[in-house]
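Here's the structure we're looking at; comments come further down.
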Amino acid sequence: MFYRDYSFIVDPRVNEDDNFPEFCIILELMIFKPFKDLDKDCSALTVICFQDEYAFPISSKNLYHLKEIPFELICKEYNF
C-alpha cells in the first residue's frame with residue numbers, strides 16, 4: 001500500500017532557489033497502532049527526503065530529520 005493521503009517532505013535546501021540533491025527517497029512508515037482513533041487498525045505516513053547517495057544507507061541528515069517528525073500528530077489512520 002502507498003499511503004498518499006498525507007506526506008511529509010524533508011526539504012534539504014537552504015535557499016528556495018537551491019537545487020535538490022540528486023536522489024529522492026520515498027519512505028512509507030506504518031505502525032499497527034492507532035494514535036487518535038482506536039477503531040482504526042494502523043497509522044501511516046509517507047516521508048519524502050533527498051540525498052546525494054542512492055538508497056541505503058539513508059544519510060545521517062535524513063535520519064536526524066526522521067527522528068524529529070511528530071509521527072503520531074500528523075499520520076493518517078486506516079482500517080484494513
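If you read the sequence from its start, that first residue is 1, and numbering goes on from there.
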Checklist entry - According to the interplanar angle, ranging from 0 to 90°, do the rings of F35 and F71 count as parallel (below 30°), tilted (30 to 60°) or perpendicular (above 60°)? => result perpendicular
Next on the checklist: Is there a continuous path of hydrophobic side-chain contacts, each under 4.5 Å between heavy atoms, that joins F56 to L29?
Outcome noted: yes
Next on the checklist: Give me the atom names and distance for the closest heavy-atom approach of P57 to Q51.
Outcome noted: O-NE2, 3.3 Å
Checklist outcome for this item: Nearest heavy-atom approach of V10 to F50 is O-CD1, 3.6 Å
Item to check | Over 12 foreign heavy atoms within 6.0 Å of CG, N19 | outcome: no
Item to check | In one Ile/Leu/Val/Met/Phe/Trp/Tyr side-chain cluster, 4.5 Å: Y64, I69 | outcome: no
Next on the checklist: Please report the interatomic distance CD1(I9) to OG1(T46), rounded to the nearest 0.5 Å.
Outcome noted: 10.5 Å
Item to check | hydrophobic_cluster_shared for V14 and F20, side chain cutoff 4.5 Å | outcome: no
Checklist entry - With F32, which residues qualify under side-chain contact (heavy atoms from CB on, under 4.5 Å), at least two apart? => result M30, C42, F80
Checklist entry - Can you tell me if NZ on K36 sees more than 12 non-hydrogen neighbours from other groups inside 6.0 Å? => result yes
Checklist entry - So which heavy atom on D39 is nearest to which on N79, and how close? => result O-OD1, 3.0 Å
Next on the checklist: Among residues at least two apart in sequence or on other chains, which ones pass side-chain hydrogen bond (donor to acceptor under 3.5 Å, both in side chains) with D11?
Outcome noted: R13
Item to check | D37 backbone acceptor or donor facing E77 side chain under 3.5 Å | outcome: yes
Checklist entry - What's the spacing between I26 CD1 and I48 CD1 if we round to 0.5 Å? => result 5.5 Å
Checklist entry - Out of curiosity, K61 NZ to L66 CG, how far, rounded to the nearest 0.5 Å? => result 14.0 Å
Item to check | Considering all heavy atoms, the nearest K40-P34 contact | outcome: O-CG, 3.5 Å
Next on the checklist: Run L27 and N62 through side chain to side chain contact (heavy atoms under 4.5 Å, CB included) and show every step you take.
Outcome noted: CA-CA 11 Å; L27 304 164; N62 282 331; over 6 Å; no
